[in-house]
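A note on names: the letters A, B, ... follow the listed sequences, proteins ahead of strands, and every chain is numbered from 1.
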There are 2 protein chains.
Amino acid sequence: MADDRPIRRTLRIAEVAKLAGVSTATVSRALTDPGKLRPKTLALVEEAVRRTGYTPNLAARSLRARRSMVVLVVVPDIGNPFFADVLRGVEEALSAAGYGLLIGNLGPGAHKPAQVLDIVQAGQVDGVLLLNGNVPRDAERSLDRMDVPLVAICEAIPGVTFPQVEVQNREAARQAAELLIGLGHRRVAYLSGPAGNILEAERFGGFCEGLAAAGIAGPVARYRGDFTFAAGGAAAEEFLRAAERPTAVFAANDEMAIGFLKTVRAAGIAVPEALSIVGFDGIAFADYVEPMLTTFRQPRRALGNEGARLLVEAMGGHPSTARVRMPVELLVRASTGPLLG
Amino acid sequence: MADDRPIRRTLRIAEVAKLAGVSTATVSRALTDPGKLRPKTLALVEEAVRRTGYTPNLAARSLRARRSMVVLVVVPDIGNPFFADVLRGVEEALSAAGYGLLIGNLGPGAHKPAQVLDIVQAGQVDGVLLLNGNVPRDAERSLDRMDVPLVAICEAIPGVTFPQVEVQNREAARQAAELLIGLGHRRVAYLSGPAGNILEAERFGGFCEGLAAAGIAGPVARYRGDFTFAAGGAAAEEFLRAAERPTAVFAANDEMAIGFLKTVRAAGIAVPEALSIVGFDGIAFADYVEPMLTTFRQPRRALGNEGARLLVEAMGGHPSTARVRMPVELLVRASTGPLLG
DNA sequence: CTGAAAGCGCTTACAG
DNA sequence: CTGAAAGCGCTTACAG
């Protein structure tokens, strides 16, 4: 039978100590550094903890020990499935190391950089994981001048010295060019992400390199996008209006590739017979559009895991300047094919 | 020119008080309850805060004030885009009320219920938002016996008294039946979510009711699923093997509907000519499959907003037993059509 | 290996 | 309206 009395939330370390017949210092040690105690003493405390169901008050612990065991994760958009997957990896690694996860959503209508800075300045977190491609700052403050470990993942941040984990964007984009060229395409277009975005710059740069290596000056068109489905549709409208259309498109992410695909097919363009399309990211949906999308699968969970791991090390006093660049996997599907006619 | 010195993290309230020429009590009041101060005194403090860039230490504040201004959000799977969208709404409302957001991921390989209970017992959060359809408990403890405000959203929890926010699952499922019947279908199938899931039960129940109202005994087939793409594909295999196939399928969510759609189309089944498909949720991707999926759009962000709002009220000492049931919107698309032949 | 005691940085009755 | 002071519940030098 379960006991139906509400659990007393105000159980303190002193009561556990009393029950175990030791000092509060000993209880504290049993909980944070059991190796320091005699096995016999430890057993006494453990039994008392078990019997009382004691859990230390974290505010008190964090005030006294000057660490919170919480990490702030700054995401550009918590609603984006790409980041959700990365967060899964982050959560896994942090939770295994005993850290909690505070989410800072730097998207439109959400947190402002100042709020992120406040959280750090308030001593609320022991480290910050940045998925947003820049160092949060306001008029007076900048996160990298606060004394807190930082790690950037997914989107690299140029010119900083803290660890970063990203994928081989440039190499992959180059590979996209090679794939299309190998299929006979020469009039290729590029569907870009938001201007100023580092991923965008890397992917565009790599794509151009790949083209150049085959003696192609560059894409015949560069459509402006912002990583959304809608941007893909808009780019497709532009494509459809062109006098001489490209025969292949490389989109800087899957959402845009899918938006593009839908609009051109609705207009009667056969994919891949008349147009090849390549995306980037390898989101789950890429498997369910028709035709299945050729794309690059990012190791989203591994990105999150590795970033969290580096942050845990830094918080433990082992900072690094590691710059990890993980490979992506090209998935050749039905949305790309040889140039016909 | 920005000042490049690292920000001193150890600025305390005493220094601000000294600079303003007041007591620490006054600084504290200026920050938490400015109405209590004379405008002149308040201005003095504000100027000192501005000049020093002071941010109170939250561990100290939370230890002394006995509240943390942080909410624990328990999600079944942080990687699921559906929840990510709801979280966006939650984050919005909580952040506007000054609360932070701690994520507890109760998915496989992530947090265990015991960890959630520990967080609450440690006084780390002022309230808990449950998106997982049950009350976390372990061998000795149950969250609803801890003295903390609770609100359930998305998945209702039977038999509890705290506020809940869900959608009109039963009504919508009934409407799905009516839609299909109106199109002439009588041999309809149901693709279910995981057994024991409350959403699943409501949607199945409503669907059966809708059929019954038209004199149909029930679905001719009930495929077992678990809300994943893969489950949809597996159900489709079962569908394809049937001697006499249903002419319409209602899936308990969009992912399964999309998985089903892909597999039957690959097998040469024309949708909607030979088979109508209805999903549930209205995820973004439902707009990008071919044919576009008929589904019910859930107000994901609004669900999150409303749930967070109720929790903020409860944490402010205004508990309610509100049970909000938000409407969903039927989106009739190309995946449903009249029975032909 | 263990304990007594100071103190982390706030908030809040209490008093005036 | 404001201040002096106690105290939230821990951890950790320090001493033994």
**OP:** Verify the contact: side-chain N or O of A:T26 to OP1 or OP2 of C:dG3, cut-off strictly under 4.0 Å; return yes or no.
**Re:** yes
**OP:** Have a look at B:A25 and say if it touches a base, only the backbone sugar-phosphate, or nothing, with a 4.0 Å heavy-atom cut-off.
**Re:** base
Original post:
Testing B:V90, B:L131, B:V165, B:D85 for side chain to side chain contact (heavy atoms under 4.5 Å, CB included) with B:L303, which one passes?
Top reply: B:V165
Original post:
So which one's nearest nucleotide on DNA chain D is more toward 5', B:A60 or B:G35?
Top reply: B:G35
Original post:
When we call it a touch if two heavy atoms are under 4.0 Å apart, what does B:S28 touch: a base, just sugar-phosphate, or nothing?
Top reply: base
**OP:** Step through the shown structure and confirm whether more than 12 heavy atoms of other residues, nucleotides or ligands are within 6.0 Å of CZ on A:R51.
**Re:** no
Subject >> Any B:R67 side-chain nitrogen or oxygen under 4.0 Å from OP1 or OP2 of C:dT11 >> reply: no
**OP:** Under 4.0 Å between any heavy atoms, over every strand shown, what does A:T32 touch: base, sugar-phosphate, or nothing? Just pick one.
**Re:** sugar-phosphate
**OP:** Would you kindly compare A:V22 and B:T24 by the position of their nearest DNA chain C nucleotide and give the one closer to the 5′ end?
**Re:** A:V22
**OP:** Check the distance between D:dT12's C1' and A:L63's CG and give it to me in whole angstrom.
**Re:** 13 Å
Original post:
If only side-chain N and O atoms of A:R64 are considered, is one of them under 4.0 Å from the OP1 or OP2 phosphate oxygen of C:dA6?
Top reply: no
**OP:** Classify the side chain of A:R29 and the base of C:dG3 as holding, or not holding, a donor-acceptor pair under 3.5 Å.
**Re:** yes
Original post:
Which whole-number value in Å describes the distance from A:N57 CG to C:dC8 P?
Top reply: 18 Å
Subject >> Residue pair A:E155 / A:N197, side-chain donor-acceptor N/O under 3.5 Å >> reply: yes
**OP:** Could you work out the separation of D:dC14 and D:dC10 based on their P atoms and round it to a whole Å?
**Re:** 24 Å
Original post:
Reckon B:Y54 has a side-chain N or O less than 4.0 Å from the OP1 or OP2 of C:dG9?
Top reply: no
Original post:
So, is A:R61 near the phosphate of D:dT11, with a side-chain N or O under 4.0 Å from OP1 or OP2?
Top reply: yes
